[in-house]
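The block underneath contains the structure these notes are about, expressed in structure tokens.
Just so it is clear, the values below take in all heavy atoms, side chains as well, and ignore hydrogens, waters and symmetry mates. Sequence positions, counted from 1, serve as the residue numbers for this chain.
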Amino acid sequence: MAQINVDHLTFSYEGSFDHVFENTSFSIDTDWKLGFIGRNGKGKTTLLNLLLGRYSYTGNIITSTIFDYFPYLVTQEQMLLPAAEFLDTLKATCELWRVQRELDQLCENSYESAELLYRPFGTLSPGERTKVLLSVLFSGENDFLLIDEPTNHLDQESRESVKNYLSSKKGFILVSHDRDFLDDCIDHILVLNRKTIEVQKGNFSSWWENKQRKDQFAKSENEKHLKEIGKLKRASSRASSWADQNERTKIGFDPVKEPDRPTRAHIGAKTKKMQSRVKQMQNRIQHEIEEKEGLLVDLEQPVDLKIMPLSHPKKMLVNIHEYSMQYTDADYPIFTDLSLSIFQGDRIALHGKNGCGKSSLIKMILQKAGNADIHLSVAESGTCETASGLIISYVNQDTSALKGCISKFCTDRNLEESRFCSILRQLDFDRVQFSKNMEDYSEGQKKKVLIAASLLTPAHLYVWDEPLNYIDVFSRMQIENLILQYQPTMLFVEHDARFREKIATATVKL
């Protein structure tokens, strides 16, 4: 057991006027299973890199701990090789037998784990790659492990394997936005709030419950402050008015002819006293405002998003019956005899292992609806048809095409830039991001760009393929509320179990 003490840490990227961290201090224990959450772009990965010593900073990070980081960078050359041949380049102290031992805990049997180590790494699914790299990570001894979003692109089965594995370990920081995953894996939580950082014992749900109570208290206290500020402002205004009236009586009369009128000196003293009272009230108002701002500094008040679904003349938008697909260069079909109907008001979740054909089915539906950018070379049988004139708003799971500035993106997609940026602001984008090229965005910010574009596109059917990968937990809840309020017709793939359970009206397993 050891301590990691962060003391008055201040850091900003070169050329940036804004601090990512400013005078940040906290302490954590290396024996903890620590969850790490915060909004996209707030500095989670940056903090992990600071712990690893990759950036210069002011302040102190005091620890004797050795850190290791997931995910490892696997080169294109290594993608062609079995993992067993390059493990020692990922982790210098790595031994094959230790990796095999860890991998056995992640796989159903030793045959499966051995196969993963001796197949070319590039042929492994995202879940299989994650299992191998986590096995390398945990093969060391006494390292404190920094695990950055291990569940992105993982199907439910792989998530369960990784979740069960991590719940049996300790001594790590886990960055994740999956609420169920966090609840089962951690015993402490580190939170990047809007202005502060906090460490708390418990899992995500216990922290969220405490936060809601704190936020409610802050709101009620804020209402009291606003009432008090209103009273003080009215009193200040009255006193200021009286002081001005008294000041005006200092001139405009002859004291010889009107000896009974108060002297100028007496009026001046009285006016000065009133002005002093006004100044005291103004100081008290300012103090109340500063106290109110301190209460609300970390308050989560997500803005309600809007979506503009269209109504179609037909109730059935997509009809799939006994449908099979097989790529022309494949030996086996992707799936067979699939039947699925999407009616207006449905929110259908496609569910299944990686590689079962969820994205392929989505792309075929887009192609059938007339999307000119998609051309699948497949053999088909059965029925797959869409309603005439169907307009689809699509969120792709791949963000690699996002390049250039926001203005060009809006022009290419025929989006109104001011409204688009307004939606991004509601998703907690900082204004400074609008001047950057999108390839410099974090993965979570890129996903928000695609979601914002979809929300701004009026459509009969919203097709979202793994929209929440890298999206922070607060924005996930925002999007949940949006969908439940407007109830658009949707077909989506999402491995976040809590999101899927809240949103889907039906689940189709492939």
Side-chain angles (χ1 to χ4, degrees), residues 15-16 39-41 152-153 303-312 317-318 358-377 386-472 475-476 478-479 482-483 486 488-494:
S16 174
R39 283 193 176 269
N40 294 129
N152 289 317
H153 304 293
V303 181
D304 289 337
L305 299 169
K306 294 183 179 179
I307 195 170
M308 297 175 286
L310 300 175
S311 179
H312 197 277
L317 303 184
V318 177
K358 301 184 295 295
S359 295
S360 296
L361 177 61
I362 281 174
K363 289 177 181 177
M364 178 54 70
I365 292 172
L366 290 167
Q367 182 173 300
K368 298 284 186 181
N371 190 314
D373 296 330
I374 295 177
H375 304 282
L376 296 181
S377 179
T386 61
S388 177
L390 183 68
I391 299 174
I392 295 177
S393 179
Y394 174 50
V395 173
N396 195 337
Q397 65 171 274
D398 183 11
T399 63
S400 60
L402 291 178
K403 300 184 186 302
C405 64
I406 288 286
S407 294
K408 186 176 186 307
F409 177 83
C410 290
T411 300
D412 291 345
R413 297 216 177 189
N414 196 29
L415 302 173
E416 186 180 331
E417 185 176 347
S418 60
R419 291 180 63 195
F420 178 74
C421 290
S422 177
I423 294 174
L424 288 179
R425 287 287 295 147
Q426 291 167 356
L427 287 167
D428 212 53
F429 248 66
D430 291 328
R431 293 185 188 278
V432 68
Q433 301 297 331
F434 297 148
S435 61
K436 297 180 180 179
N437 286 330
M438 289 187 290
E439 56 264 37
D440 296 327
Y441 288 174
S442 71
E443 285 300 319
Q445 290 168 332
K446 290 178 182 178
K447 277 290 186 179
K448 287 182 178 180
V449 166
L450 295 181
I451 290 173
S454 180
L455 296 181
L456 197 54
T457 304
H460 302 115
L461 176 63
Y462 291 82
V463 177
W464 290 3
D465 193 358
E466 298 192 27
L468 300 186
N469 284 341
Y470 306 102
I471 294 286
D472 64 76
S475 296
R476 290 184 186 213
Q478 247 181 306
I479 294 166
L482 161 79
I483 295 171
Y486 288 90
T489 306
M490 297 188 74
L491 176 68
F492 68 94
V493 177
E494 181 49 57

Roughly how far, to the nearest 0.5 Å, is the [atom2] atom of [Y] from the [atom1] atom of [X]?
X    : Y    : atom1 : atom2 : value
I423 : S418 : CD1   : OG    : 10.0 Å
K368 : I374 : NZ    : CD1   : 13.0 Å
K358 : L491 : NZ    : CG    : 12.0 Å
E494 : N469 : CD    : CG    : 6.5 Å
N371 : I362 : CG    : CD1   : 12.5 Å
Q433 : D428 : CD    : CG    : 10.5 Å

For [X] against [Y], the heavy-atom pair lying closest together:
X    : Y    : result
G41  : Q445 : CA-NE2, 3.9 Å
S407 : E417 : OG-OE2, 2.9 Å
F420 : C410 : CD2-SG, 3.4 Å
K403 : M438 : O-CE, 3.4 Å
A369 : T386 : CA-OG1, 3.7 Å
P467 : I471 : O-CG1, 3.6 Å

Between D465 and S359, is there a donor-acceptor pair closer than 3.5 Å when you use the side chain of the first and the backbone of the second?
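Such a contact is absent between D465 side chain and S359 backbone.
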Just by distance, do the side chain of D430 and the backbone of V432 share a donor-acceptor pair under 3.5 Å?
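Not a single qualifying donor-acceptor pair exists.
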Check: residues 448-461 side-chain donor-acceptor pairs under 3.5 Å, at least two apart:
from: K448; atom 1: NZ; to: N40; atom 2: OD1; distance (Å): 3.4
from: K448; atom 1: NZ; to: L427; atom 2: O; distance (Å): 2.8
from: K448; atom 1: NZ; to: D472; atom 2: OD2; distance (Å): 2.8
from: K448; atom 1: NZ; to: S475; atom 2: OG; distance (Å): 3.1
from: S454; atom 1: OG; to: S393; atom 2: OG; distance (Å): 2.6
from: S454; atom 1: OG; to: W464; atom 2: NE1; distance (Å): 2.9
from: T457; atom 1: OG1; to: A453; atom 2: O; distance (Å): 2.7
from: H460; atom 1: ND1; to: I391; atom 2: N; distance (Å): 2.9

- Message: For N414, is the CG atom crowded, meaning more than 12 foreign heavy atoms sit under 6.0 Å from it?
- Response: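 It does not: N414 CG has 12 such atoms or fewer within range.
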Among residues at least two apart in sequence or on other chains, which ones pass ring pair (Phe, Tyr, Trp, His ring centres under 6.0 Å) with Y462?
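For Y462, no residue satisfies ring pair (Phe, Tyr, Trp, His ring centres under 6.0 Å) once neighbours in sequence are set aside.
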Practice task
Take I406 and L424, measure what side chain to side chain contact (heavy atoms under 4.5 Å, CB included) needs, and give me the verdict at the end.
Solution key: CA-CA 11 Å; I406 288 286; L424 288 179; 4.1 Å; yes
Requested in this report: I would like to know whether K447 and L468 meet side chain to side chain contact (heavy atoms under 4.5 Å, CB included); could you show each step before the answer?
Outcome: CA-CA 7 Å; K447 277 290 186 179; L468 300 186; over 6 Å; no
### Message
I want to know whether Y441 and F429 have ring centres closer than 6.0 Å.
### Response
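For Y441 and F429, the ring centres are under 6.0 Å apart.
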>> Per the salt bridge (Lys or Arg N to Asp or Glu O under 4.0 Å) rule, what does the pair list look like for residues 434-443, sequence neighbours excluded?
In response: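 As it turns out, the salt bridge (Lys or Arg N to Asp or Glu O under 4.0 Å) pairs with a partner in residues 434-443, which skip direct neighbours, are E443-K446.
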